[in-house]
Amino acid sequence: AEKHLIEELQRKFDYESAIQRATTLSQSEDAHLSEYRLWAAEHLSQLNSEYKGHRDQRDHLLTEANNALDSGNYGEVAKLVTQIPEPMQDDEVQRVLSQAELCRNEIKDLLEEIRGRVGAKQLDGLWDVTDRFLELRPDHQQVRDLHEKLLKRKAKREQECNSIFQVAS
């Protein structure tokens, strides 16, 4: 029964539990388990080798997911993380996935606000919103064009205010 449990844990990518159980079985003093003790001892090297290979793959996918997060490709983050077997998705993997989801939601909310304010012609202060949006999605050309127009408009207003201030002085 223990052998089957170890094999099942291995199939489910729960290598830590499988290695722990195989180690315990390989060190068992029970005479009835001598056949399984030998199997467990031999199987440990395979478990450790597979576990290392999956950890290396997980680390590679996590590095790629972090790169995608840094470049604003939040959909790619989710795609990469789902390739990591669930039992190997530790807190770091969940943090990257959670951060990508937060950014995706913020992008959606910011885009709705931008569209609503442009539609209502409420442009004052909108450049703060477009600035944040472009931090998250620097490749969005329409928002970039709008942002540049808003910055020009802001600079023009500041220049007009300075002119009025100088005249009043």
Side-chain angles (χ1 to χ4, degrees), residues 1-118 126-147:
E2 189 69 11
K3 177 182 175 185
H4 295 296
L5 180 58
I6 292 167
E7 291 171 334
E8 182 63 24
L9 291 168
Q10 182 180 6
R11 277 191 293 279
K12 292 181 176 179
F13 301 97
D14 188 355
Y15 287 99
E16 290 177 10
S17 298
I19 289 169
Q20 180 183 21
R21 287 184 168 278
T23 300
T24 302
L25 182 58
S26 72
Q27 297 169 351
S28 173
E29 299 292 326
D30 188 337
H32 296 105
L33 299 177
S34 63
E35 173 185 335
Y36 296 110
R37 187 173 45 242
L38 180 60
W39 172 86
E42 292 172 357
H43 199 63
L44 269 170
S45 65
Q46 179 185 349
L47 285 170
N48 283 311
S49 176
E50 281 184 27
Y51 186 37
K52 182 186 181 322
H54 284 289
R55 273 195 334 260
D56 290 348
Q57 180 66 11
R58 174 211 163 273
D59 292 346
H60 171 74
L61 289 167
L62 185 57
T63 298
E64 291 298 313
N66 273 309
N67 291 340
L69 183 64
D70 292 343
S71 67
N73 193 349
Y74 309 111
E76 183 68 12
V77 172
K79 202 167 102 178
L80 289 163
V81 167
T82 58
Q83 294 177 45
I84 299 172
E86 194 170 323
M88 299 185 84
Q89 292 183 13
D90 60 7
D91 290 343
E92 186 179 1
V93 172
Q94 292 304 315
R95 181 197 60 77
V96 170
L97 185 59
S98 177
Q99 184 65 38
E101 189 60 35
L102 287 171
C103 289
R104 286 175 75 156
N105 289 338
E106 185 178 0
I107 287 169
K108 180 179 165 254
D109 293 345
L110 290 169
L111 195 55
E112 283 179 23
E113 181 178 351
I114 291 167
R115 287 182 175 145
R117 288 180 62 181
V118 167
L126 184 58
W127 67 273
D128 286 330
V129 179
T130 59
D131 190 51
R132 175 62 183 147
F133 182 91
L134 290 171
E135 285 176 15
L136 297 169
R137 281 283 312 273
D139 62 328
H140 198 286
Q141 193 59 47
Q142 286 178 307
V143 174
R144 177 161 304 289
D145 293 344
L146 174 63
H147 185 70

query: If we ignore angles and hydrogens, is there a donor and acceptor under 3.5 Å between the side chains of Gln94 and Asp90?
result: no
- prompt: To the nearest 0.5 Å, what is the distance between CG (Leu9) and NE2 (His4)?
  reply: 13.0 Å
field: Nearest heavy-atom neighbours spanning Gln89 and Thr82
entry: NE2-CA, 4.5 Å
message: Using side-chain heavy atoms (C-beta onward) and a distance below 4.5 Å, is Asp91 in contact with Arg95?
response: no
message: Walk me through whether Glu101 and Asn105 qualify under side chain to side chain contact (heavy atoms under 4.5 Å, CB included).
response: CA-CA 6 Å; Glu101 189 60 35; Asn105 289 338; 3.5 Å; yes
field: Any side-chain heavy-atom pair of Ile6 and Trp39 under 4.5 Å
entry: yes
query: Taking the side chain from Tyr15 and the backbone from Pro87, do they hold a donor-acceptor pair closer than 3.5 Å?
result: no
- request: Report the C-alpha separation of Val143 and Leu111 in whole Å, then their side-chain angles, then the decisive distance to 0.1 Å, and conclude whether the side chain to side chain contact (heavy atoms under 4.5 Å, CB included) test is met.
  value: CA-CA 9 Å; Val143 174; Leu111 195 55; 4.0 Å; yes
Heavy-atom closest contact (Ala41 atom, Ser26 atom, distance): N-CB, 3.7 Å
message: A quick test of your reading: do over 12 heavy atoms of other residues, nucleotides or ligands sit less than 6.0 Å from CG of Asp70?
response: yes
task: Could you grab the distance from atom CG of Leu134 to atom NE2 of His140, nearest 0.5 Å is fine?
output: 9.0 Å
Enclosure of Tyr36 OH (heavy-atom neighbours >12, cutoff 6.0 Å): no
message: Would you compute the distance between atom CG of Asp14 and atom CD of Gln20 and round it to the nearest 0.5 angstrom?
response: 9.5 Å
query: Closest approach of Ala18 and Leu47, non-hydrogen atoms and distance?
result: O-CD1, 3.9 Å
field: Arg55 to Tyr51 six-membered ring, cation-pi geometry met (6.0 Å, 45°)
entry: yes
Atom CD of Glu29 with >12 non-hydrogen neighbours under 6.0 angstrom: no
query: Got more than 12 heavy atoms from elsewhere within 6.0 Å of CD, Gln141?
result: yes
Residues, nucleotides or ligands: over 12 heavy atoms within 6.0 Å of Glu16 CD: no
message: For a 4.5 angstrom cut-off between non-hydrogen side-chain atoms, does His43 reach Gln10?
response: yes
- request: Please assess Arg58 against Asp56 for the test salt bridge (charged side-chain N to carboxylate O under 4.0 Å, His left out), listing each intermediate value before the final yes or no.
  value: CA-CA 5 Å; Arg58 174 211 163 273; Asp56 290 348; over 6 Å; no
task: State whether the side chain of Ser49 and the backbone N or O of Ser45 hold a donor-acceptor pair below 3.5 Å, judged by distance alone.
output: no
Cys103 vs Arg137 side-chain heavy atoms within contact, under 4.5 Å: no
message: For Asn66 and Thr63, which I'm curious about, is there any donor-acceptor pair between the side chains at under 3.5 Å?
response: no
query: Side-chain donor-acceptor pair under 3.5 Å between Gln46 and Glu50, yes or no?
result: yes
query: Side chains of Leu146 and Trp127: closer than 4.5 Å at any heavy-atom pair?
result: no
task: Starting at CD of Gln83, measure out to CG of Leu62 and round the result to the nearest 0.5 Å.
output: 12.5 Å
- request: Spell out, as yes or no, whether a donor-acceptor pair under 3.5 Å connects the side chain of Glu113 to the backbone of Val129.
  value: no
task: For salt bridge (charged side-chain N to carboxylate O under 4.0 Å, His left out), just list the numbers for Glu135 and Arg132, CA-CA rounded to whole Å, side-chain angles, deciding distance to a tenth of an Å, and then say yes or no.
output: CA-CA 5 Å; Glu135 285 176 15; Arg132 175 62 183 147; 2.8 Å; yes
- line: To the nearest 0.5 Å, atom NZ of Lys52 lies from atom CG of Asp59 at 9.0 Å
- request: For Leu25 and Arg37, work out which heavy atoms get closest and say how close.
  value: O-CG, 3.5 Å
statement: Here the pair of heavy atoms bringing Tyr74 nearest to Leu136 is OH-O, 3.0 Å
query: Where the side chain of Thr23 meets the backbone of Ile19, is there a donor-acceptor pair that is under 3.5 Å apart?
result: yes
